[in-house]
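Worksheet for the structure shown next.
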2 protein chains.
Amino acid sequence: MSLRHAILVLLQDQEASGYDLAREFANSIGLVWNATHQQIYLELGKLSEQDMVRYRHVPQEGKPDKKLYSLTDAGRAELVRWLKKPAGPARIRDAFMVKVAGGALADTQLLLSELDILAKQRRERLATFEALAQRLDESGRDENVYNYLTVRRGILDQRAWLQWAEEVRRSLEHRSADSTAS
Amino acid sequence: MSLRHAILVLLQDQEASGYDLAREFANSIGLVWNATHQQIYLELGKLSEQDMVRYRHVPQEGKPDKKLYSLTDAGRAELVRWLKKPAGPARIRDAFMVKVAGGALADTQLLLSELDILAKQRRERLATFEALAQRLDESGRDENVYNYLTVRRGILDQRAWLQWAEEVRRSLEHRSADSTAS
DNA sequence: AAGTGCTGCGCAATCCGTTGTATACGCACT
DNA sequence: AGTGCGTATACAACGGATTGCGCAGCACTT
């Protein structure tokens, strides 16, 4: 259980609404930890019951009102406590990989077109991350080290995936050339 | 929900016991999809109720009896069906990354020592994967393409992580040098 | 005028996953 | 004799996560 802590980390720098957090989870942090809005609102509710966060109600014009959450001292203390204990191993769920592993039974053309779609998403993400990394690099490195490192992880991850995708493409195209030639 | 499918993929080539599967999940596939033995036994139970897999009871000497599971036609059909529909996006839970993102509040020395431990595990895994890739490459490439590609993913992933770890180390050591020098 | 999409919050049901506990035997080590 | 490890399976309880649904208003397009 540490969606809580991911939220606390995000709130550490700036106050944010549930909606803001959901967007961040879909982007930068999302590569490393993901959550849907329902989960986030639920967790924010629990956190504010436990006085780890507080919120102020912000009415808006043309948009629905929002709640801007920020850390309390107790929340910061909890975060510090959590940072001290060793993190568990990383867990992944990559359905596409499972499909490649079971590729012998799959339609190669289908796999290839799915690969294209995923590669496109990854390339877009890579571009976003690279732009972000440059911005962070230009505007003071030392203050943003931690954000910068997080983004770097995203960049290296996308690159590794894209490189792997190239290998997969070559192998699969090779195989499909074999079978269509027969 | 597709632990089911990961299991079906693994049973596609060879029959295996729950225990065997648990080991595979802890190693090769585990990088991409993880599960504990309880989860696996439970899922095998469901799968066999639904006639997706069957098992034969194998008594052993010196060891407990085991159940060797294999795919049924219905199981293979279900797998093919699943392979056709697009996979969802990959999900990750990497607590260490969250800690780095929240690094401003963390003890740098503690983060560094945790980094060491994780890097060591990754290096070991990398060695395992590289050995496995070589074996697959030597013993016929074309039959093992899918296994080979899966392992390649593991290799590229470990390398990307280790490269990132070096960047983190440099940044953190730089920071801790600053603070101890003051 | 209707449809689509974005901002924003939330409940309920169900399913997935983790953790704890249990059993059983053999082997090796202390 | 006791402890720990490896093989092998399984139940129960709890908490985390996904999916489905609902409300509400504004902006922009068709």
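Atom-to-atom, NZ of B:Lys46 to P of C:dG17 comes out at 9 Å; the value is rounded to the nearest Å. In this structure, A:Arg91 places its CZ atom 17 Å from P of C:dC16, rounding to the nearest Å. Atoms CD1 (B:Ile7) and P (C:dC16) sit 12 Å apart, rounded to a whole Å. To the nearest angstrom, P of C:dG10 lies 12 Å from CD of A:Glu49. The interatomic distance linking B:Leu3 (CG) with D:dT18 (P) rounds to 15 Å, in whole Å. When rounded to the nearest whole Å, the span between CZ of B:Arg4 and C1' of D:dT18 equals 16 Å. Per the geometry, CD belonging to A:Glu61 stands 15 Å off C1' belonging to D:dA27, to the nearest Å. Regarding A:Asn34, its CG atom lies at a distance of 9 Å from the P atom of D:dA17, rounded to whole Å.
A donor-acceptor contact shorter than 3.5 Å links the side chain of A:Glu114 to the backbone of B:Ala87.
Aromatic ring orientation, B:Phe96 versus B:Trp161: tilted (interplanar angle from 30° to 60°).
Ranked by how close their nearest DNA chain D nucleotide is to the 5' end, A:Leu42 and A:Gln38 are led by A:Leu42.
Note that CE of B:Met97 and CG of B:Leu118 are 9.5 Å apart. Values are rounded to the nearest 0.5 Å.
At a threshold of 4.0 Å, the pair B:Glu166-B:Arg169 counts as salt-bridged, since one of the basic side-chain nitrogens sits closer than that to a carboxylate oxygen. Ion pair A:Glu78/A:Arg81 flagged as a salt bridge, since at least one NZ, NE, NH1 or NH2 atom sits closer than 4.0 Å to an Asp/Glu carboxylate oxygen.
The two residues A:Trp164 and B:Leu149 have their closest heavy-atom pair at NE1-O, 3.0 Å.
Counted by atom type alone, A:Ser17 and A:Asp20 present one or more donor-acceptor pairs between their side chains at under 3.5 Å.
Comparing the axis of the opening five pairs of the helix from C:dA1-D:dT30 to C:dT30-D:dA1 with that of the closing five pairs yields an angle of 30°, rounded to 10°.
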Report each atom pair, protein N/O against N/O of nucleotides 7-9 of chain C, whose distance is under 3.5 angstrom.
{"from": "C:dT7", "atom 1": "OP2", "to": "A:Tyr19", "atom 2": "OH", "distance (Å)": "2.6"}
{"from": "C:dT7", "atom 1": "O5'", "to": "A:Tyr19", "atom 2": "OH", "distance (Å)": "3.3"}
{"from": "C:dG8", "atom 1": "OP1", "to": "A:Gln60", "atom 2": "OE1", "distance (Å)": "3.2"}
{"from": "C:dG8", "atom 1": "OP1", "to": "A:Gln60", "atom 2": "NE2", "distance (Å)": "2.4"}
{"from": "C:dC9", "atom 1": "OP1", "to": "A:Lys67", "atom 2": "N", "distance (Å)": "2.8"}
{"from": "C:dC9", "atom 1": "OP2", "to": "A:Gly18", "atom 2": "N", "distance (Å)": "3.3"}
{"from": "C:dC9", "atom 1": "OP2", "to": "A:Tyr19", "atom 2": "N", "distance (Å)": "2.9"}
{"from": "C:dC9", "atom 1": "OP2", "to": "A:Tyr41", "atom 2": "OH", "distance (Å)": "2.9"}

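Note on A:Gln39: a side-chain N or O is less than 4.0 Å away from OP1 or OP2 of D:dT18. Not one side-chain nitrogen or oxygen of A:Arg93 sits closer than 4.0 Å to the OP1 or OP2 atom of D:dA17.
Side-chain contacts under 4.5 Å among hydrophobic residues (ILVMFWY), followed directly or transitively, place B:Leu110 with no other residue at all.
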For B:Gln50 and B:Arg4, what are the C-alpha separation, side-chain angles and deciding distance, and is it a side chain to side chain donor-acceptor pair (under 3.5 Å)?
-> CA-CA 11 Å; B:Gln50 292 164 32; B:Arg4 325 166 53 71; 2.8 Å; yes
